[in-house]
Each structure stands twice: as C-alpha cells, then as structure tokens.
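Below is one structure, written out as structure tokens; the observations come after it.
Along the sequence shown, residues are numbered consecutively beginning with 1. Whatever order the structure lists ligands and atoms in, that order sets their numbers, starting from 1.
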Amino acid sequence: MASVPISFEFFPPKTDEQRATLDAALPRLKALAPEYVSVTFGAGGSTLSYTPDTVNRLREAHGLDAAPHLSCMGGTRAEIRALLAQYQAMGCHRIVALRGDLPSGMASHGDFRYASELVEFIRRECDGGFHIEVACYPEVHPQADDAHADLRHFKAKVEAGANGAITQYFYNADAYFRFVEAARHAGITIPIVPGIMPIANFAQLKRFSDLCGAEIPRWLAKRLAAHGDDVEAIREFAADVVAELCNRLIAGGAPGLHFYTLNRARATLAVCARLDA
Ligand code: FAD
C-alpha cells in the first residue's frame with residue numbers, strides 16, 4: 001500500500017459487458033481504500049448521461065466518493081449548469097474540469113474554448129461547491145506552442161480557481177520533477193498529483209500515447225516488445241517498472257497517485273502491491 005492517498009479513474013461503461021467488467025474490478029480496487037474515484041466524460045454530447053449515471057451508481061451502490069469529469073465539450077452554459085446542479089444534488093464535492101478533445105468530424109466545441117474558462121464558470125456558478133481538479137502535462141500538451149506557453153495556460157487554470165492538478169501519464173520521473181519545479185517557480189502552489197498508467201496491453205498503450213503525446217521511453221518499448229506474446233512476463237515486468245516509477249515519485253514528494261485503471265483491477269493492483277509502505 002502506498003504511503004500517500006491514491007485515487008482511481010474509470011470510464012463510464014456503455015454496454016452490459018463493460019458494466020460487468022467494471023463491477024468485477026470495483027470490490028478489488030475498493031479494498032485499497034482510495035481517497036476518491038473519478039469518472040471520465042466522453043466528448044461530443046452523445047455520452048452526456050453516462051457519466052452522471054456512473055457517478056451516481058459508484059456513490060450509491062458502491063459507497064465510493066465518486067467525482068465526475070466535465071469537459072468544455074459538455075455543451076452550452078445552460079447544459080453545464082444543469083449538470084453541475086445534478087452533481088451537487090448527488091453530494092459530489094470534487095470535479096475534474098477539462099477542455100476535452102473534439103471528436104473527429106465535429107467542427108465546434110461548446111460555449112467554452114479552454115479548460116480555464118470552464119473552471120472560471122464552475123467557480124462563479126457554485127462558489128465553494130466543488131474542489132476543482134485540472135489536467136497538466138509534464139511532457140507538454142501536444143497542441144501547446146511550447147513548454148512555457150503550456151505552463152502559462154496551466155497557471156491560468158489555477159488562477160481561475162483550480163484546487164489541484166492531475167498529470168497526464170508519463171514513464172519518466174524526471175519529467176514530473178522538472179515540471180513541478182517549473183510550476184513552483186511560476187508561483188503555482190496547488191498539489192500536482194501524478195497520473196499513473198499501469199501497463200496491461202502494450203498495443204493499446206502505444207495507441208493512447210500517440211494520441212495524447214505521452215512518451216513511452218525507447219528502452220521500455222523495446223523491453224516490452226521483447227517479451228512477445230508472453231502475457232505473464234509482460235505483466236510482471238510492467239508492474240515492476242510502473243511500481244518503481246511510483247516509488248520514486250512518492251520518495252520525491254508526489255502528494256498522491258491517480259491511477260488510470262481502464263476499468264480493470266489487475267494491472268493497478270499489481271503495481272500497488274509493489275509500493276513501498
Ligand atoms: P486546456 O487546459 O484548455 O489546454 C488545451 C491546450 O490549449 C493546451 O495545449 C494549452 O497549452 C492550450 N491553451 C490553453 N489555454 C490557452 C489559451 N488561452 N490560448 C491558447 N492556447 C491555450 N478528456 C476527455 O474528453 N474526457 C475526460 O474525462 C478526460 N479526463 C482527463 C483527465 C486527466 C487527468 C487528463 C490529464 C486528461 C484528461 N482528458 C480527458 C484529456 C484532455 O481533455 C485533453 O488532454 C485535452 O486535449 C486538453 O484538456 P485540458 O483540460 O488540459 O485543456
């Protein structure tokens with residue numbers, strides 16, 4: 001077990017099969033006593049009801065402190081206002097506010113262009129009602145002009161009212177430490193919790209990483225590939241690598257760990273079992 005608070009991220013299941021997968025994972029992950037869990041928000045409006053439904057189920061049926069993600073793709077001011085009211089009625093006190101990404105083929109976003117505008121709106125609408133987490137990028141957001149601009153935009157989210165930040169995942173601890181140092185130098189004082197992606201499936205991880213700009217170090221990709229189809233060997237190796245990363249992060253002062261679980265328990269549990277007490 002980790003010596004810092006941990007949290008788990010889930011995506012809202014849309015089919016019976018996905019619901020069964022999440023239901024199987026929940027008791028095993030809950031046993032690790034997460035500080036809270038969060039539920040992602042799909043872009044494009046089509047999944048508008050999935051996130052609140054899942055948040056409600058995690059809170060009511062599983063007794064978890066579930067926090068919704070909300071993105072600028074959540075629609076108009078009025079639609080976002082209605083969602084916020086729904087979350088407050090459920091008793092949610094934490095929210096993860098994001099810009100989101102436009103799904104391919106979709107031409108326009110909602111009323112807000114950047115996450116900072118959404119944070120400002122949430123603060124104005126429900127002042128004090130939510131602890132707001134935002135995203136940040138130790139390896140720089142893929143659309144940012146450069147690292148300085150990205151840091152300025154991160155600071156704008158903090159000035160708009162963010163209380164904490166969760167990073168995009170990374171496998172290079174130094175990228176995190178350098179980023180936190182730069183943030184502190186820029187006057188950002190909120191906790192910056194590393195986002196951790198346990199490795200269950202290398203092909204899937206590579207696809208995600210290409211999309212979100214997270215770097216898989218060459219040595220790690222090569223070592224994972226060298227295990228070929230030996231799933232057990234990949235699992236063991238990957239859990240060792242990610243746990244070592246987590247232990248370094250905690251030893252270096254990370255205030256918590258946020259696991260991208262992809263709704264499965266096994267890879268996250270394997271990492272947590274290897275954490276220094
Ligand atoms: P922003 O902070 O708005 O930044 C987006 C880009 O715009 C950056 O390059 C930034 O430098 C730039 N920028 C910001 N402000 C300005 C400005 N004023 N002028 C010019 N450029 C600017 N996506 C989902 O769809 N649903 C989710 O549930 C979800 N959960 C996530 C959880 C975490 C912890 C993380 C790290 C990411 C998550 N994402 C999610 C992905 C996220 O939506 C994307 O990474 C998205 O591309 C950026 O979101 P953001 O909130 O960081 O955007």
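Note: an N/O pair closer than 3.5 Å links Gly100 and ligand 1 by distance alone. The shortest N or O to N or O distance between Glu9 and ligand 1 is not under 3.5 Å. Polar contact check, Ala115 against ligand 1: a nitrogen or oxygen pair lies under 3.5 Å apart. When only interatomic distances are considered, the shortest N/O to N/O separation between Ser116 and ligand 1 does not fall below 3.5 Å.
Every atom of ligand 1 is numbered from 1 in the order shown, and the set under 4.0 Å from a heavy atom of His141 is 6 (C), 8 (C), 9 (O), 45 (O), 46 (C), 47 (O), 48 (C). For ligand 1 and Ala144, the ligand atoms under 4.0 Å from any heavy atom of the residue are 9 (O), 11 (O). Here is the list of ligand 1 atoms found below 4.0 Å of a heavy atom in Gln168: 36 (C). Within the listing of ligand 1, atoms 35 (C), 36 (C), 52 (O) sit less than 4.0 angstrom from a heavy atom of Ala135. Using a 4.0 Å cut-off to heavy atoms of Asp150, the atoms of ligand 1 that qualify are 8 (C), 9 (O), 10 (C), 11 (O).
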Under the criterion ring pair (Phe, Tyr, Trp, His ring centres under 6.0 Å), I'd like the reasoning laid out for His93 against Phe130: C-alpha separation, chi angles, the key distance, then a yes or no. CA-CA 5 Å; His93 56 89; Phe130 288 108; 8.6 Å; no

With ring pair (Phe, Tyr, Trp, His ring centres under 6.0 Å) as the test, would you mind laying out the steps for Phe154 and Phe179 before giving the verdict? CA-CA 11 Å; Phe154 174 32; Phe179 178 75; 5.7 Å; yes

Is there a side chain to side chain donor-acceptor pair (under 3.5 Å) between Ser209 and Tyr169 once you walk through the steps? CA-CA 9 Å; Ser209 304; Tyr169 67 88; 2.7 Å; yes

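Summarising the geometry of Pro255 relative to Val4, their closest heavy-atom pair is O-CB, 4.0 Å, with the distance given to 0.1 Å. The two residues Phe237 and Arg223 have their closest heavy-atom pair at CZ-CB, 3.5 Å. Taking every heavy atom of both residues into account, Thr76 and Asp111 meet most closely at CA-OD2, 3.4 Å.
Here atom 19 (N) of ligand 1 lies nearest to Tyr114 when heavy atoms of Tyr114, Phe112, Phe41 are compared. The residue among Val193, Leu98, Leu70, Asp101 with a heavy atom at the shortest distance from atom 40 (C) of ligand 1 is Leu98.
Using a non-hydrogen distance threshold of 4.0 Å, Tyr137 registers as a contact of ligand 1. Tyr260 counts as a contact of ligand 1, since one of its heavy atoms falls under 4.0 Å from the ligand. Within the 4.0 Å heavy-atom shell around ligand 1 one does not find Val96.
The aromatic rings of Tyr176 and Phe170 lie parallel to each other, their planes meeting at an angle below 30°, with 60° marking the opposite boundary. Between Tyr137 and His141, the ring-plane angle classifies as perpendicular under the 30° and 60° cut-offs.
If you look at His153 next to ligand 1, the close heavy atoms, those under 4.0 Å, all belong to the side chain. For Lys157, every heavy-atom contact with ligand 1 shorter than 4.0 Å involves the side chain, none the backbone.
No side-chain N or O of Arg81 forms a donor-acceptor pair with one of Gln86 less than 3.5 Å apart.
Crowding of Glu244 atom CD: a count of heavy atoms from other residues, nucleotides or ligands under 6.0 Å not exceeding 12.
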